[in-house]
Structure formats: structure tokens, C-alpha cells
Amino acid sequence: MTPIFLQDALVEELQDLFQDFRSQAPDGTRRPLNVFAQYLPKREHSIDQRVTQGRPGPAQKRPADPRFPYICVDLTSGEIPEGRNADHTISTVLVIGTYHNGCDRQGARDVFNIIDRIYDRYSRMPVMGKKYVLKFPIRWYLQEDEPYEYFFGGMELDWLVPAIRREIPYT
């Protein structure tokens with residue numbers, strides 16, 4: 001099992017888990033949660049484009065970021081121990097981004113709801129795709145500074161992955 005297979009399975013699992021979830025988006029609508037692998041896609045109106053087209057002035061409004069709300073599934077590290085029957089460990093970080101522009105600044109609630117749904121899923125059944133076993137503890141984080149409009153959190157999940165067995169010819 002390669003890390004990419006784990007990442008693809010986790011992206012698919014999270015898409016299924018959050019198919020009914022809706023959260024506020026920067027354009028004012030309630031949107032489904034986007035799930036991305038490894039990196040966020042580049043924004044259409046990137047810094048490079050704004051520099052070449054001129055910076056938005058007071059009359060120009062910056063376009064809403066279509067990536068929010070989202071989970072980005074990042075592969076962060078792995079460990080391949082020595083030993084014929086030893087499982088590999090692959091560490092993943094789920095980066096969570098939500099948007100909330102209310103004066104009460106309660107956008108972190110969506111982040112916590114996402115964390116809670118993921119925790120609930122894997123605490124009941126810590127196996128994904130009959131191949132990947134979640135290794136506890138699960139660690140979660142919320143951004144430390146006081147945000148407004150864009151809220152971020154994260155979860156660290158370590159997975160035990162079956163090792164690829166070496167074949168020795170002529171034995």
C-alpha cells in the first residue's frame with residue numbers, strides 16, 4: 001500500500017462522510033465541504049494576476065474564495081520499520097478551513113463540528129477500506145490567533161498500513 005492509495009481512500013471517505021454537510025461560504029451561500037488532496041488548488045485570482053491587472057481598489061471587490069469550506073488531506077510523514085511482519089505508519093494532517101462573517105465570530109463552531117464528525121466516525125470504526133487502521137491518539141488543533149471570517153483547524157491521524165512483503169527468489 002503506497003501513501004497515495006491511503007490519501008485517495010481518505011479523500012473519498014471524507015467526501016462520503018460530509019456529503020450532507022453545508023457551511024457558510026464567502027459568497028454568502030451555504031456550500032458542501034470541498035475535500036482536497038495534499039494542497040489547495042490555486043485560486044483563480046492569485047496574487048500574480050492581481051499584480052498584472054492592478055490591485056483591487058475600494059470600488060473593486062475581491063472575488064469570493066470558492067475553496068471554502070474545505071478539508072485538505074496532507075501526507076506528512078511515514079515510518080517503515082524493519083521486520084517482516086511490521087506494519088508501516090503513515091501520518092496525515094487534515095487541514096480544515098471554514099468561513100463565517102458574523103459579528104459573533106463563531107466560525108470555529110463549524111471547525112469543531114467537522115472535527116467531531118471525523119472523530120465520531122473513526123472512534124466507532126477505526127478501519128478504513130479494510131486496509132488502513134487508525135492508530136490512536138487523534139490530535140486536533142484550532143488556530144491560536146483570533147480570526148475573523150476565515151477559521152482554521154487541523155487533525156493529526158496516524159495510520160497503520162500493511163507492509164509490502166519482500167520476495168526472495170530461489171528460496
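Ring centroid separation for the pair Y119 and W140 does not come in under the 6.0 Å cut-off.
Not a single donor-acceptor pair under 3.5 Å links the side chain of D120 to the backbone N or O of D116. Between the side chain of R121 and the backbone N or O of M125, at least one donor-acceptor pair lies under 3.5 Å. In this structure, the side chain of R67 engages the main chain of P41 through a donor-acceptor pair within 3.5 Å. A donor-acceptor pair is defined here as one N or O able to donate and one able to accept, closer than 3.5 Å; no such pair exists between the side chain of D74 and the backbone of T76. Within the 3.5 Å criterion, the main-chain N or O of L157 finds a donor-acceptor partner in the side chain of T92. At distances below 3.5 Å, at least one donor-acceptor pair connects side-chain atoms of Q7 with backbone N or O atoms of V73. Checking side-chain atoms of R22 against main-chain N and O of R31 turns up no donor-acceptor pair under 3.5 Å. With hydrogens and angles ignored, the 3.5 Å screen pairs no side-chain donor or acceptor of E156 with any backbone N or O of I138.
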Original post:
What's the verdict on side chain to side chain contact (heavy atoms under 4.5 Å, CB included) for I114 and F21, showing C-alpha distance, side-chain angles and the deciding distance?
Top reply: CA-CA 9 Å; I114 292 167; F21 186 88; 3.7 Å; yes
**OP:** Run the numbers on L75 and Q38 for side chain to side chain contact (heavy atoms under 4.5 Å, CB included), then give the verdict.
**Re:** CA-CA 7 Å; L75 297 171; Q38 203 61 30; 3.6 Å; yes
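By the 4.5 Å heavy-atom criterion applied to side chains, F36 and V95 are not counted as neighbours. You'll find the side chain of N101 reaches within 4.5 Å of the side chain of Q24, heavy atoms only. Contact of the V35 side chain with the F18 side chain is not registered, since no non-hydrogen atoms from C-beta on lie closer than 4.5 Å. A heavy-atom distance below 4.5 Å is not found between the side chains of L134 and L160. For the pair F151/Y99, no side-chain contact is recorded, criterion being any heavy-atom separation below 4.5 Å from C-beta on. In this structure, M128 and L10 have side chains that are in contact, with non-hydrogen atoms separated by less than 4.5 Å.
By the rule that hydrophobic residues join a cluster once side-chain heavy atoms approach within less than 4.5 Å of another member, L6 and M155 end up as members of one cluster. Connection of V111 to Y150 is not established within any shared hydrophobic cluster, with ILVMFWY side chains joined at heavy-atom distances below 4.5 Å, either directly or through further cluster members. A single hydrophobic cluster is seen to contain both Y122 and F5, as judged by linkage of ILVMFWY side chains at heavy-atom distances under 4.5 Å, directly or through other members. Residue L17 is grouped with residue L94 when hydrophobic side chains (ILVMFWY) are merged at heavy-atom distances under 4.5 angstrom, including chains of intermediate members.
A side-chain contact (heavy atoms from CB on, under 4.5 Å) with I71 is found for one member of T98, L33, V11, N34 and no other, namely L33.
Of the N and O atoms on the side chains of T89 and W159, not one donor lies less than 3.5 Å from an acceptor on the other residue.
Atom CZ of F136 sits in a crowded spot, with more than 12 heavy atoms from other residues, nucleotides or ligands closer than 6.0 Å. Other residues, nucleotides and ligands contribute only 12 or fewer heavy atoms inside 6.0 Å of the CD atom of E12.
When all heavy atoms of F112 and L142 are compared, the pair lying nearest together is CZ-CD2, 3.5 Å. Between A9 and Y132, the shortest heavy-atom distance links the atoms CB-CE1, 3.9 Å. S91 and D158 make their closest contact through OG-OD1, 2.7 Å (heavy atoms, listed as atom of the first residue, atom of the second, distance). Nearest heavy atoms, A37 versus C72: C-SG, 4.5 Å. In terms of heavy atoms, D20 sits closest to R117 at OD1-NH1, 2.8 Å. Pairing each heavy atom of P162 with each of K131, the nearest pair is CD-O, 3.1 Å.
One finds the CD1 atom of I96 at 11.5 Å from the CD atom of Q143 (value rounded to the nearest 0.5 Å).
Below 30°, between 30° and 60°, or above 60°: for F152 and F68 the angle between ring planes is above 60°, a perpendicular geometry.
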